[in-house]
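To start, the structure itself, in structure tokens.
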Amino acid sequence: MNNDDLNIDPKLLKPYNPNDTEDRIYKLWEESGFFNPDICIEKGIAQNDATPFSIVLPPPNVTGTLHIGHASMLVIEDIMVRFARMQGRPTLWLPGTDHASIATQSKVEKILEKEGIRKNDLGRDEFLNRVNTFAQESHDTIVNQMKKMGVSVDWSREAFTLDEKRNLAVRTAFKKMYDDDLIYRGHRIVNWDPKGQTVISDDEVVNEERKAKLYTFKYSADFPISISTTRPETKLGDTAVAVNPNDDRYTQYIGKTYVVDNFCGQKLEIKIVADDHVEKDFGTGALGVTPAHSQIDAEIAVRHNLPTKQVINEFAKMMVGNESILGKKTTEARVNVVEWLKENNLLENEEEVTQNIPTAERSGGIIEPLPKLQWFINVNKPIITRGNKTLKELMLEPIKDGSIDILPDRFEKVYYNWVENLRDWCISRQIWYGHRIPVWYRNDEIYCDIDAPEGDGWIQDEDTLDTWFSSGLWTFSTLGWPDMDSPDLKKYHPTTVLETGYDIIFFWVARMILMSQYLLGEIPFETVYLHGLVRDAKGRKMSKSLGNIIDPLDVAEKYGADAVRMSLVIGTGPGNDSKMSEDKIKAYKHFANKLWNITRFILTYTDTTKLEKNFQNFTETDLDLIKERNELVNTITKEITEYKFYLASDKIYQYTWARLADVILEESRPIYANGTNEEKNSRSQFLIETLEIIIKTLHPFMPFVTEELWSIIPVENKNLLMVTPWPEI
RNA sequence: GCGCGAUUAGCUCAGUUGGUAGAGCAACCCGUUUACACCGGGAAGGUCGCAGGUUCGAGUCCUGCAUCGCGCACCA
């Protein structure tokens, strides 16, 4: 057969070239306006009365660029969205970015540090200008990367967690919680990060296993009980020794108070108390209680009405002690305290132990528990407007009663466990970049509202909010809330599904449920689809130091975005980590080309101009093939509906290559060479139909090459493939 | 300490309610003047981590163990 005689698009005569195609196709999509559900409804592509499909994009941090994990998230979400759109549902995928307060601020601080500039040299306003510039650049890079991956988000609704609309939502939420006494200001032991100079929440603390020495000693020679600690320097702040109530060794001392005149230059008053928390078998069975520098000790102190004495300041330096200790860093003071103990013959034992050191997630600094005045959200207070349920209960309820479904469901257990052990959420941060707390002070007055108070002399709280506070509002702050009459809010909330990484189930998923349940009285989403980490071919985490990072843009450039998308989806079930390698991506680049050539083959052999319209006289063989193909489409439709993208994508891949190309097309050759007209007609009709169906069902997975092929194949009255109805069998 | 996950071909992984072990990649052999070398065909390769149990039948269900990984708690 001679190609010159055929009416075939010349593009098909060359191998598929993603680089010539993808940007052009994306532009077509954007210009069509079909990413916006309003336009789809207006043009009759989406049925206004069909169940809407809505999803928010987990907003990437404006701290730089997207990595392959983001790409994986974008692909899974784009598959859901394109599928829903092709089914004619009003489909909204709402994009945005996250200001990520601490993460972004410390990133910019590091950049400035290289220029020898500190944030305090610049002042709050100028520093924030720098951060905003950086955030804007990051944002632009991220948007560009997203477009390269082919995401069909509605750019007209794009949001930022720190823009004006979201700030109004944050202030409104804060005010309501303040009025309901759910937000309070309290003096408590908090996780202080001396390096980042801010408080962080319990969830931002990362425990690191390290070797340490456990010292056993007495405060003084005549003190009756020995205690053990890994942090001798904190003992200058001790106000009690706690023992187990059932420990016979110590019962005689319980209730007595001992005065130690000189412990490293500090006078101590130590009361012996009995507390169930103390384990008889650990160390000496006696615990030196340091209420100011330990969460647990603070709780013991409350139970026994003990005084709190702070001995370490915000720079992790000693506030008391003799000249070898006062003003010294805790690590240095520790050595000197041990030295002092030795000199005074008080040290009884020294042993090496492994222990978990709390560190700050972002700065890496070692956490110093300190008593501080901070803002908290009370998770245990009954809320009158919510049937006297607590925030904890509001978080648990929808999972327990099944109104929110978590995939894979094993994470439901993890979620329960976390919520049940949850303590009040510390939401204030000593960070400049973020939502300023909407509270003002004047002398002894305190004022909380959405807007600043009238009159002179009011000073706003210096602190900003935990970035997850604004993230918690994301499903509805992006849809017009606090305006309860917003049409978007009415139509698209609760959202259909939330797709995100299992690593932020506590940070984000739980907080969204909290905020939505409390502020709107409804769930934020019906399904939570949790994806895993993308690792390298050997299963290692990708990191700069290992040099195994795969940049999604690099590989998209090299192999095409469709190939990257397929490689990220196939073999990746919810909740499991997946492995990524260039070989895998390459395999799907080949597949895109295979599809390209299948189209060329079919268009070459089937002269569509001669095809009988509504041909129904299929041969027995072709009827079997139709049955097989239709069953496949049914399976794929079902699997996508059930969020089993890894199965669906692999099935189309297998069918297209191993079945259609390798077997059916090969068996078609003799039919075209020697068959009757009936047989040829039947086969041609089958092949053309099958090609259309394959292109449609592959579209959510490989949108670029399928859209391009769709523009080439002869179909009457066609629209863009992205809004062409999903095959109904 | 509590909980979760993984363990299947050399590598990476599927295996849906129990019914003759699958795919991709790699390696091996063969073929290819046209849809595609970004190809096709073929053969090879597995005590399904270990030990028990249930069953006519177990990769799949139950119990125990081992190794690896993860989460939470403790961390004086």
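Within every chain, numbering begins at 1; the chains are lettered A, B, ... in the order of the sequence lines, protein sequences first and strands thereafter. Remember, predicted model here, so these are calculated numbers, not experimental data.
In this structure B:C25 sits in a base pair with B:G10, meeting the Watson-Crick or G-U test at under 3.5 Å. Within the shown strands, nothing qualifies as a pairing partner of B:U60 under the Watson-Crick or G-U definition with both distances less than 3.5 Å. B:U55 is unpaired under the criterion used here, namely a Watson-Crick or G-U wobble arrangement in which both key atom distances are under 3.5 Å. With a cut-off of 3.5 Å on both Watson-Crick or G-U wobble distances, the partner of B:U16 is given as none. B:A44 is unpaired under the Watson-Crick or G-U wobble criterion, no partner having all donor-acceptor distances under 3.5 Å. The partner of B:G49 is B:C65, judged by Watson-Crick or G-U wobble contacts that both fall below 3.5 Å. Across all strands shown, B:G1 is found opposite B:C72 as a Watson-Crick or G-U wobble partner, with both distances under 3.5 Å. The nucleotide B:A35 finds no pairing partner, because no Watson-Crick or G-U wobble arrangement with both distances shorter than 3.5 Å includes it.
A salt bridge links A:E420 to A:K400: at least one charged side-chain nitrogen sits closer than 4.0 Å to a carboxylate oxygen. Residues A:R659 and A:E628 are paired through a salt bridge, judged by an N-O separation under 4.0 Å between the basic side chain and the carboxylate. Classification of A:K638 and A:E642 as a salt-bridged pair holds, one side-chain N sitting under 4.0 Å from a carboxylate O. The pair A:E233-A:R231 meets the salt-bridge criterion, since a charged nitrogen lies less than 4.0 angstrom from a carboxylate oxygen. Under a 4.0 Å N-O distance rule, the pair A:R423/A:E299 qualifies as a salt bridge.
Remark: C1' of B:A73 and CD1 of A:I296 are 10 Å apart, rounded to the nearest angstrom. When the P atom of B:U17 is taken as reference, atom CD of A:E642 falls 11 Å away, rounded to whole Å. Put simply, OH on A:Y588 is 14 Å from P on B:A23, counting in whole angstrom units. Atom CG in A:N356 sits roughly 14 Å away from atom P in B:G1 (whole-Å rounding). Atom-to-atom, CD of A:E639 to C1' of B:G15 comes out at 12 Å; the value is rounded to the nearest Å. Nucleotide B:G69 holds its P atom 12 Å from the CD atom of A:E209, rounded to whole Å. In this structure, the CH2 atom of A:W418 is 13 Å from the C1' atom of B:G71, given to the nearest Å. Look at CZ on A:F601: it is 17 Å from P on B:C39, rounded to the nearest Å.
Between B:C72, B:A35, B:C4, one nucleotide has an atom nearer to the side chain of A:F506 than all others, and that is B:C72. For A:N421, the side-chain atoms get nearest to B:C72 when compared with the rest of B:C72, B:C25, B:G40. Distances from the side chain of A:H590 to the nucleotides B:C39, B:G40, B:A35 place B:C39 closest. The side chain of A:Q355 has B:C75 as its nearest neighbour among B:G15, B:A35, B:C75. You'll find that the side chain of A:W657 is closest to B:G40, out of B:G5, B:C74, B:G40. Picking from B:A35, B:G15, B:C74 the nucleotide with the shortest atom distance to the side chain of A:H277 gives B:C74. Checking B:A35, B:G41, B:G3 against every side-chain atom of A:D662, the shortest atom distance belongs to B:G41. Here B:A14 is the nucleotide among B:C38, B:A35, B:A14 with the atom lying nearest to any side-chain atom of A:L647.
Within a 6.0 Å sphere centred on CG of A:D281, heavy atoms belonging to other residues, nucleotides or ligands number 12 at most.
Taking only distance into account, the side chain of A:E666 meets the base of B:A35 through a donor-acceptor pair shorter than 3.5 Å.
B:C61 and B:U16 are spaced 9 Å apart, taking the P atom of each and rounding to whole Å. Taking atom C1' on both nucleotides, B:G49 is separated from B:U60 by 16 Å, rounded to a whole Å. Rounded to whole Å, the separation between the C1' atoms of B:C39 and B:U20 comes to 32 Å. Atom name C1', nucleotides B:G5 and B:C38: the rounded distance is 37 Å, in whole Å. With both ends at atom P, the span from B:G15 to B:A6 equals 10 Å, rounded to whole Å. Taking the P atoms as reference points, B:U7 lies 33 Å from B:C29, given to the whole Å. Between B:U47 and B:G42, the distance separating the two P atoms is 24 Å to the nearest Å. Atom P of B:G59 sits at a distance of 13 Å from the matching atom of B:G22, rounded to the whole Å.
Using a distance-only test at 3.5 Å, with no hydrogens or angles considered, no donor-acceptor pair links the side chain of A:H531 to the main chain of A:S72.
If you check every strand for non-hydrogen atoms under 4.0 Å, A:K584 touches nothing. Residue A:I227 is out of contact with every strand shown, counting any heavy-atom pair closer than 4.0 Å. Across all strands, A:I602 comes closer than 4.0 Å to no nucleic acid atom at all (heavy-atom distances). Within the nucleic acid shown, A:I357 has no heavy atom closer than 4.0 Å to any nucleic acid atom. A:R210 comes within 4.0 angstrom of no nucleic acid atom, judged by non-hydrogen atoms across all strands. As judged by a 4.0 angstrom heavy-atom cut-off over every strand, A:V278 is placed among the base-contacting residues. Base contact: A:N207 has a heavy atom under 4.0 Å from a base atom. Residue contacts for A:A658: at a heavy-atom cut-off of 4.0 Å it reaches no nucleic acid atom on any strand shown. Among the protein residues, A:T230 comes within range of the sugar-phosphate backbone only, with heavy atoms under 4.0 Å from sugar or phosphate atoms but none that close to a base.
Contact annotation: A:R410 side-chain N/O to B:G3 OP1/OP2 distance is not under 4.0 Å. The phosphate of B:C38 has neither OP1 nor OP2 within less than 4.0 Å of any side-chain N or O from A:K594.
Residues A:L665 and A:K644 each lie close to RNA chain B; by heavy-atom proximity, the contact nearer the 5' end of the strand is made by A:K644. Along RNA chain B, the nucleotide nearest A:L660 and the nucleotide nearest A:Y646 are compared for position; the residue whose nucleotide lies closer to the 5' end is A:Y646.
Using a 30° and 60° split on the angle between ring planes, A:Y588 and A:F591 fall in the perpendicular class, above 60°. Classified by interplanar angle (parallel below 30°, tilted 30° to 60°, perpendicular above 60°), the ring pair A:F263/A:Y219 is perpendicular.
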